[in-house]
*Asks:* 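Below you'll find the structure I mean.
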Amino acid sequence: MNSKIRRSMPLFPIGTVMKLTDLSARQIRYYEEHQLIRPERTAGNRRLFSLYDIDRLLEIKDLLDEGINMAGIKKILLKEDESVHNPLKAELEQDKKVSTDEEVRRLLRKEFINAGRFYRNDLPSGDRFRYFH
DNA sequence: TTTCTAACA
DNA sequence: TGTTAGAA
């Protein structure tokens, strides 16, 4: 499980992130203000971004290119954060231990109901099916 | 040189 | 969002 630690390891200065994401420093700082990313700071108060942060910014970039405004992006990414602690997801994790046919079918049905809910939303094409994995 | 914050002809 | 001033 070192990958998780590595992904959140503060590594890059804002200049590098700008090139990687094709976002302006202004935008990157703005998204931080809105809690969409939480880069660390050096002793000299300079931002250090992790691979995770960059991934988030790239998602924001994609949403931006699709013409979604800040309010929409914020809504989508924050909802995505919730899904990490989503009761359904937790239930699916537990189900791997249980694994009776009845349970599998029941959860599968819930998954589809949930997927349908997400699909009608303003999620970007790339994110629409993430919930099926 | 690069990045930070704050502010706006 | 861009841009800029002044500081670190």
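Order of the sequence lines fixes the chain letters, A, B, ..., with proteins taken first and strands second; residue numbering starts at 1 for each chain.
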*Asks:* Does the structure show a Watson-Crick or G-U wobble partner for C:dT1, both distances under 3.5 Å? Name it, or say none.
*Replies:* none
*Asks:* Closest to the A:R46 side chain: C:dG2, C:dA8, B:dT5?
*Replies:* C:dA8
*Asks:* Taking atom C1' of C:dA8 as reference, at what distance in whole Å does atom CD1 of A:I14 sit?
*Replies:* 16 Å
*Asks:* Indicate yes or no for a side-chain donor-acceptor contact from A:T21 to the backbone of A:L58 under 3.5 Å, with no hydrogens or angles considered.
*Replies:* no
*Asks:* Backbone N or O of A:L36 within a donor-acceptor pair of the A:R56 side chain at under 3.5 Å?
*Replies:* yes
*Asks:* Please give, in whole Å, the distance from B:dT1 C1' to A:K19 NZ?
*Replies:* 12 Å
*Asks:* Just how far, in rounded Å, is P of B:dA7 from CZ of A:R29?
*Replies:* 15 Å
*Asks:* C:dT3 C1' sits how many Å from A:Y30 OH, rounded?
*Replies:* 17 Å
*Asks:* With a 3.5 Å cut-off and just heavy-atom distances, do the side chain of A:R26 and the base of C:dT3 make a donor-acceptor pair?
*Replies:* yes
*Asks:* Can you see if the side chain of A:R47 gets near the phosphate of B:dT3 - specifically, an N or O under 4.0 Å from OP1 or OP2?
*Replies:* no
*Asks:* Are OP1 or OP2 of C:dT1 and a side-chain N or O of A:Y31 less than 4.0 angstrom apart?
*Replies:* yes
*Asks:* Can you measure A:R41 atom CZ to B:dT5 atom C1' for me and round it to whole angstrom units?
*Replies:* 9 Å
*Asks:* Send over the distance from A:M18 CE to C:dT3 C1', rounded to a whole Å.
*Replies:* 12 Å
*Asks:* Taking the minimum atom-to-atom distance to the side chain of A:L64, which one of C:dT1, B:dT3, C:dG2 wins?
*Replies:* C:dT1
*Asks:* Does the side chain of A:K61 reach to within under 4.5 Å of the side chain of A:L23, using non-hydrogen atoms?
*Replies:* yes
*Asks:* If you assign A:G44 and A:Q27 each to the DNA chain C nucleotide with the nearest heavy atom, which residue ends up on the more 5' nucleotide?
*Replies:* A:Q27
*Asks:* Whole angstrom is fine here: how far is it from NZ in A:K61 over to C1' in C:dT1?
*Replies:* 14 Å
*Asks:* Is A:L11 linked to A:L48 within one hydrophobic cluster, defined over Ile, Leu, Val, Met, Phe, Trp and Tyr using a side-chain heavy-atom separation of less than 4.5 Å?
*Replies:* no
*Asks:* May I ask you to decide if A:Y52's main-chain N or O and A:D55's side chain share a donor-acceptor pair within less than 3.5 Å?
*Replies:* no
*Asks:* Could you tell me how far apart A:I28 (CD1) and C:dG2 (P) are, to the nearest whole angstrom?
*Replies:* 11 Å
